*Asks:* 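Sharing a structure here in structure tokens format.
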Amino acid sequence: QVQLVESGGGLVQAGGSLRLSCAASGRTFSRYDLGWFRQPPGQEREFVAAIRSSDGRTYYADSVAGRFTISRDNSKNTVYLQMNSLKPEDTAAYYCAADPVGIATMVASRRKYEYWGQGTQVTVSS
């Protein structure tokens, strides 16, 4: 069982920055593929970013590429999402997700991730 706890959400003006953190349980965190997803009000949950355990390669949705950065600190069992140049359309509940076994499917697919956090709200005002 893997537990994920997000933090760092809040209210920010357009153009501002936030850094989300997700602390994970488990002794094999370094082997987890990790992802961030978001769910805007009234919409489906969508992929934001992912980082692989095998080589640290990162992936981003087109809508956030160049503005958001995913990273991990295996010594702290934590994955981060640095969000810069925020826009009102980035407003959503943000969720981190973990795949501890390396499911062979697209990193942007929700089916890849067995464990999910409870979410943290990000609101960007115009």
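Note that the structure is a prediction, hence the values are computed from the model and not measured.
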*Asks:* With sequence neighbours excluded, tell me which residues meet side-chain hydrogen bond (donor to acceptor under 3.5 Å, both in side chains) with Gln82.
*Replies:* Asn84

*Asks:* Under 4.5 Å between any side-chain heavy atoms of Arg72 and Cys22, yes or no?
*Replies:* no

*Asks:* Enumerate, atom names and distances included, each donor-acceptor pair closer than 3.5 Å involving a side-chain atom of residues 2-11, sequence neighbours excluded.
*Replies:*
from, atom 1, to, atom 2, distance (Å)
Glu6, OE1, Gln118, N, 3.0
Glu6, OE1, Gln118, NE2, 3.4
Glu6, OE1, Gly119, N, 2.8
Glu6, OE2, Cys96, N, 2.9
Glu6, OE2, Gly119, N, 3.3

*Asks:* If you compare all heavy atoms of Ala98 against all heavy atoms of Leu34, which two are closest, and at what distance to 0.1 Å?
*Replies:* CB-CD2, 3.8 Å

*Asks:* Start with the C-alpha distance between Phe29 and Lys76, add both sets of side-chain angles, then the distance that settles side chain to side chain contact (heavy atoms under 4.5 Å, CB included), and finish with yes or no.
*Replies:* CA-CA 9 Å; Phe29 177 82; Lys76 296 182 179 179; over 6 Å; no

*Asks:* Around atom CD of Glu44, are there more than 12 heavy atoms of other residues, nucleotides or ligands at under 6.0 Å?
*Replies:* no

*Asks:* Run the side chain to side chain contact (heavy atoms under 4.5 Å, CB included) check on Arg38 and Thr120 step by step: do they pass?
*Replies:* CA-CA 9 Å; Arg38 67 186 182 187; Thr120 186; over 6 Å; no

*Asks:* Mind checking the OG-NZ spacing from Ser126 to Lys87? Nearest 0.5 Å is all I need.
*Replies:* 14.0 Å

*Asks:* Under the salt bridge (Lys or Arg N to Asp or Glu O under 4.0 Å) test, which residues partner Glu114, sequence neighbours left out?
*Replies:*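 So Glu114 forms no salt bridge (Lys or Arg N to Asp or Glu O under 4.0 Å) with any residue.
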
*Asks:* Side-chain contact test, heavy atoms from C-beta onward, threshold under 4.5 Å: evaluate it for Tyr113 versus Val107 and give yes or no.
*Replies:* yes

*Asks:* Does the side chain of Arg19 reach to within under 4.5 Å of the side chain of Met83, using non-hydrogen atoms?
*Replies:*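 A side-chain contact is absent here, since even the closest heavy-atom pair is not under 4.5 Å.
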
*Asks:* Apply salt bridge (Lys or Arg N to Asp or Glu O under 4.0 Å) to Asp62 and list each qualifying residue two or more places apart in sequence or on a separate chain.
*Replies:*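 Counting only residues at least two positions away or on another chain, Asp62 forms no salt bridge (Lys or Arg N to Asp or Glu O under 4.0 Å).
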
*Asks:* Identify the two heavy atoms, one from Tyr94 and one from Leu81, that lie closest to each other, and give their separation to 0.1 Å.
*Replies:* CD2-CD2, 4.1 Å

*Asks:* Find out whether Met106 and Tyr59 are in side-chain contact, i.e. whether some heavy atom of one side chain is under 4.5 Å from a heavy atom of the other.
*Replies:* no

*Asks:* Please name the pair of heavy atoms, one in Pro88 and one in Ala14, separated by the smallest distance, quoted to 0.1 Å.
*Replies:* CD-CB, 4.1 Å

*Asks:* Could you check whether the rings of Tyr95 and Trp116 sit parallel, tilted or perpendicular, using 30° and 60° as the cut-offs?
*Replies:* perpendicular

*Asks:* Listed by chain and number, what are the salt bridge (Lys or Arg N to Asp or Glu O under 4.0 Å) partners of Arg67, not counting sequence neighbours?
*Replies:*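 In terms of salt bridge (Lys or Arg N to Asp or Glu O under 4.0 Å), with neighbours along the sequence ignored, Arg67 is linked to Asp90.
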
*Asks:* Do Leu18 and Val122 touch side chain to side chain, with heavy atoms closer than 4.5 Å?
*Replies:* yes

*Asks:* Taking the six-membered ring of Phe37 as reference, does the NZ or CZ atom of Arg110 fall below 6.0 Å from its centre and within a 45° cone about the axis?
*Replies:*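 No, cation not above the ring by the 6.0 Å, 45° rule.
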
*Asks:* By the side chain to side chain donor-acceptor pair (under 3.5 Å) test, which pairs, at least two apart or in different chains, include something from residues 20-33?
*Replies:* Asp33-Ser53, Asp33-Lys112

*Asks:* Do Phe47 and Tyr115 belong to the same hydrophobic cluster, where Ile, Leu, Val, Met, Phe, Trp and Tyr are linked whenever their side-chain heavy atoms lie under 4.5 Å apart, directly or via other members?
*Replies:* no

*Asks:* With the side chain counted from C-beta on, respond yes when Glu89 and Val124 share a heavy-atom pair under 4.5 Å apart, and no when they do not.
*Replies:*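 The answer is no, as the side chains (C-beta and beyond) never meet within the 4.5 Å cut-off.
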
*Asks:* Taking C-beta and beyond as the side chain, do Tyr80 and Ile70 meet within less than 4.5 Å on heavy atoms?
*Replies:* no

